[in-house]
Structure formats: structure tokens, C-alpha cells
*Asks:* 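Pasting a structure below so you can have a look.
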Amino acid sequence: MKLTKTYKIIASVAGFMLIVQVFMFSIQGMGSGGFSGVQKLIEQDADDQRIAAELSNMTGISTEDIMALKRKGMTWNEVIEYLKTQKPETNQDERNLRLAEAGLDKDYIQNLKDEGYSDQKIMEAKLLVERTRFQLNQIIDSGRNQVSVPSVEVEDLLTNKEDDDLTAYIKVAEKFDVEKAIYLILRLEQDFGSMESVLDEYLFSLQAELDLELYVQDKEKYQEIKKEKTLIITEQDIITLTRIENKMLEVINKENQKMSTELDDKIEDSILTVEENDNQPLPDIPTINVEDVKPKNPAEELMEEIQVIDPNQN
């Protein structure tokens, strides 16, 4: 009975050690690929934190609040659209002033104020311009990352009519002047009806190699030159705010899909590794020889000694 109990204990210990070994082997089987998946998740979180920090700088909304929106399952484009609807509180004049001046030359800000533009208007124009510049940079970075993939040919990326022309975005981004864009938005908002319409016109002027400031000086001359340039650039090739935001959404969706696919692949590989290890035969449990250590009965020992010295037994 005691031998059976001892055997069970040893079998249980051996079984536990086997499970530990299988688990450790499965972790090792994942190799650098498994941990690279974890590393990519960490890098993705770092990228999210960086994007949230940039949006926080542009909008004045805390990084924590922006990350909370992202964790709810919103894409970055949806987050940006949501932030566009958040109007600054009018009782935060000092805070609004700091946001309006952030990243801009103080003399430049003062000149805008001298022309009669309020801190509120300056900040609204700045947020619109900064958001557009941020989206342009994200689109370009994503396009360049695709070029670095061996399966993607550079020529195919730049000439494929199904995709936006990356070179056009690069051209616009290189010429994009934040301060000039803000000034033109403030100066021409009434002429074009909205800040967005002015920025669309500014984007067109960059592509057509026009100077939108000419519109301020001579509207008729600007319109005349614009007609000539329009013959060269088709409407489908013009980069607008809507086109930028749609492209940005496409970039975010592709990145999310890529991350999801890579994570699914790593999980599947890990499961297959564990299953392969589970199918391996269990090692034989060694036979254990247990000596009988049952103590002798004291009475029996005494009787044996008596028999030794008993003369009648000799």
C-alpha cells in the first residue's frame, strides 16, 4: 500500500516536470520570431504614444484622453475627426494663447494680431494646418516603408494608377509652409467661404506652382494663371483635404491589418509548436526499488535474544 502511494507521488512529480519542460520548449520554439511579435506590439504602442503626443500638442487635449479614444477601438483617422469637433473652451484664453503660439515665431503671431486676428482664429487655423501637415508626413512615411519591402517595386508604387502618386504628396509636403498657410487661411477665409476651402486652394497652388499670395494682390491675374495651370493638372490628380484624409484612413487600415495578421501568425505558430510537443511520447517512468524499512517488533527482538541465551534451545 505504501509502495503504491510513493509511486503516485513520484509519477505526479515526473508529470509536473514534463509539463514544465514542454512549456519551456514551446517558448524556445517560438525563437526570435515569437518575441519579435511582442517587440512589434511594443513598438506599435510607442508609435501610438508619439502620435497621441503630437495630436495633444496640436489640439491641447491631453495625451491620456487621446489614447483613451484609441483604446476604445477608434482608428487614428476617427480620433482626428472626433478631435476636430471639440471646440476649445472660451474661458481658457491663456491656454488657447499658448496653443496658438506653440511652434510659431512670436513676431509672426504678433503681426497676425496687429492685423486684427484673434487668438481663437489663429489657433483654429493653426490646428487645421498642423493636422494636414501631420497627415501628409504619415502618408509619405507609409509609402516609403512599402518601398523598403522587397516584394514591392519602386516603379510600380510610383506609377500604379490604382494608388495615389507618392511623388505628388512628397512635392506638396516639401513646399508646405505652415506660417504662410495659416496667414492665407486667415486672410482669405471670407473670400473662399471657409478655412478648409482656402487650404484646398493652397494645396492646389503648391501642385500647380502658383503663388496664392498673388490672389491677395490681384485676383483676376491669379484666376487667369490658374486656368492655364488647370489644363496641365487634371481634377483627379489634385490633392485636396478630402483626398488626404481618405488616404490617411487607408494607411491606418493597412497598418492595423498588417499588425493583426502578423500577430495571428505568431499565435498560430506558437499553438502548432505546443501541439507538436504534446504529440511526443511521454518518457518512461523509471522503476524504483524500495527497500523494506519496516522496523522490527521490539517484542520479537527480545524473544530472539532470549532464544540465543536459552540453554534449552542449544
*Asks:* Find out whether Ile185 and Leu199 are in side-chain contact, i.e. whether some heavy atom of one side chain is under 4.5 Å from a heavy atom of the other.
*Replies:*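 Of all side-chain heavy-atom pairs linking Leu199 with Ile185, at least one is under 4.5 Å.
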
*Asks:* Measure the spacing between NZ of Lys72 and CE of Met67 and express it to the nearest 0.5 Å.
*Replies:*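 Answer for the NZ-CE pair, Lys72 versus Met67, is 13.0 Å.
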
*Asks:* Within the side chain of Gln207, is there an N or O that forms a donor-acceptor pair under 3.5 Å with the backbone of Ile239?
*Replies:* yes

*Asks:* Show every ring pair (Phe, Tyr, Trp, His ring centres under 6.0 Å) that has at least one partner inside residues 112-140, sequence neighbours left out.
*Replies:* none

*Asks:* Does Lys226 count as lying over the ring of Phe204, i.e. NZ or CZ under 6.0 Å from the six-ring centre, within 45 degrees of the axis?
*Replies:*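 Ring-cation test returns yes.
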
*Asks:* On a heavy-atom basis, which atom in Leu241 and which in Glu196 lie closest, and how many Å separate them?
*Replies:* CD1-O, 3.6 Å

*Asks:* Do any N or O atoms from the side chain of Tyr169 and from the backbone of Ile139 form a donor-acceptor pair under 3.5 angstrom?
*Replies:* no

*Asks:* Below 4.5 Å, heavy atoms only, C-beta onward: do Gln135 and Asn77 meet side chain to side chain?
*Replies:*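 The answer is yes; the side chains approach within 4.5 Å.
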
*Asks:* Looking only at heavy atoms, what is the nearest atom pair of Thr63 and Ala52, with distance?
*Replies:* CG2-CB, 3.7 Å

*Asks:* With heavy-atom distances below 4.5 Å as the criterion, would you say the side chains of Lys126 and Leu104 are in contact?
*Replies:*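 The answer is yes, as the side chains (C-beta and beyond) meet within the 4.5 Å cut-off.
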
*Asks:* Can you find a pair of side-chain heavy atoms, one from Ile66 and one from Lys70, that are under 4.5 Å apart?
*Replies:* no

*Asks:* Return yes if some donor-acceptor pair links the side-chain N/O of Glu250 with the main-chain N/O of Asn246 below 3.5 Å, else return no.
*Replies:* no

*Asks:* Is there a side-chain contact between Gln120 and Glu124, using heavy atoms and a 4.5 Å cut-off?
*Replies:* yes

*Asks:* Can you name the ring pair (Phe, Tyr, Trp, His ring centres under 6.0 Å) partners of Tyr183, sequence neighbours left out?
*Replies:* none

*Asks:* Evaluate the side chain to side chain contact (heavy atoms under 4.5 Å, CB included) criterion for residues Val216 and Tyr222: first the C-alpha distance (whole Å), next the side-chain angles of each, then the deciding distance (0.1 Å), finally the verdict.
*Replies:* CA-CA 9 Å; Val216 179; Tyr222 175 84; over 6 Å; no

*Asks:* For the backbone of Asp107 and the side chain of Asn111, can you confirm whether one donor and one acceptor N or O come within less than 3.5 Å of each other?
*Replies:*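 Yes, the answer is positive, given that a donor and an acceptor are paired below the 3.5 Å cut-off.
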
*Asks:* Compare every heavy atom of Val198 with every heavy atom of Leu188, then report the nearest pair and how far apart it is.
*Replies:*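 Shortest heavy-atom separation between Leu188 and Val198 comes out as O-CG2, 3.4 Å.
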
*Asks:* Check each of Val172, Ile244, Asp200, Val178 against Thr132 using the side chain to side chain contact (heavy atoms under 4.5 Å, CB included) test, and report the only one that passes.
*Replies:*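 The residue from Val172, Ile244, Asp200, Val178 that satisfies side chain to side chain contact (heavy atoms under 4.5 Å, CB included) with Thr132 turns out to be Ile244.
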
*Asks:* Using a 4.5 Å cut-off on heavy atoms from C-beta on, say whether the side chain of Ile51 contacts that of Gln138.
*Replies:*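 They are in side-chain contact.
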
*Asks:* On a heavy-atom basis, which atom in Ala125 and which in Leu186 lie closest, and how many Å separate them?
*Replies:* CB-CD2, 4.0 Å

*Asks:* Please answer: with hydrophobic residues joined when any side-chain heavy atoms are less than 4.5 Å apart, are Leu69 and Leu249 in the same cluster?
*Replies:*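 No; tracing contacts between hydrophobic side chains, which count when under 4.5 Å, never links both residues.
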
*Asks:* Using a strict 4.0 Å threshold on nitrogen-to-oxygen distance, state whether Arg131 and Glu245 make a salt bridge.
*Replies:* yes

*Asks:* Within a radius of less than 6.0 Å around CD of Glu115, do more than 12 heavy atoms belonging to other residues, nucleotides or ligands occur?
*Replies:*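 Buried by this count: over 12 neighbours within 6.0 Å.
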
*Asks:* How far does CE of Met248 sit from CD of Glu81, to the nearest 0.5 angstrom?
*Replies:*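 So the gap between those two atoms works out to 11.0 Å.
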
*Asks:* On a heavy-atom basis, which atom in Thr75 and which in Glu78 lie closest, and how many Å separate them?
*Replies:*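 Taking every non-hydrogen atom into account, N-OE1, 2.9 Å.
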
*Asks:* Please verify the inter-ring angle class for Tyr215 with Phe192; under 30° counts as parallel, over 60° as perpendicular, anything in between as tilted.
*Replies:* tilted

*Asks:* Distance check, rounded to the nearest 0.5 Å: Leu166 atom CG versus Lys247 atom NZ?
*Replies:*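 NZ of Lys247 is found 8.0 Å from CG of Leu166.
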
*Asks:* Roughly how far, to the nearest 0.5 Å, is NZ of Lys229 from CD1 of Ile232?
*Replies:* 5.5 Å

*Asks:* Run Val129 and Met195 through side chain to side chain contact (heavy atoms under 4.5 Å, CB included) and show every step you take.
*Replies:* CA-CA 10 Å; Val129 171; Met195 291 186 174; over 6 Å; no

*Asks:* Rounded to the nearest 0.5 Å, how far does CG of Leu112 lie from CZ of Arg187?
*Replies:*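 The CZ atom of Arg187 sits 12.5 Å away from the CG atom of Leu112.
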
*Asks:* Any carboxylate oxygen within less than 4.0 angstrom of a Lys/Arg side-chain nitrogen, looking at Asp211 and Lys180?
*Replies:* yes

*Asks:* Identify the two heavy atoms, one from Ile233 and one from Ala208, that lie closest to each other, and give their separation to 0.1 Å.
*Replies:*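 Smallest interatomic distance, heavy atoms only, reads CD1-CA, 3.6 Å.
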
*Asks:* Evaluate the criterion side chain to side chain contact (heavy atoms under 4.5 Å, CB included) for residue pair Leu210 and Glu201; output intermediate values, then yes/no.
*Replies:* CA-CA 10 Å; Leu210 273 167; Glu201 187 69 24; 5.7 Å; no

*Asks:* Working note: Asp114 + Gln110, criterion side chain to side chain donor-acceptor pair (under 3.5 Å); need CA distance, chi angles, decisive distance, verdict.
*Replies:* CA-CA 6 Å; Asp114 291 343; Gln110 189 57 50; 3.0 Å; yes

*Asks:* If we ignore hydrogens and angles and just use 3.5 Å, is the side chain of Tyr202 paired with the main-chain N or O of Phe176 as donor and acceptor?
*Replies:* no

*Asks:* Return the CG to NZ distance between Leu203 and Lys175, rounded to the nearest 0.5 Å.
*Replies:*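 Result: 12.5 Å between the selected atoms.
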
*Asks:* Flag the pair Lys221 and Glu224 as a salt bridge only when some basic side-chain nitrogen lies within less than 4.0 angstrom of an acidic carboxylate oxygen.
*Replies:* no

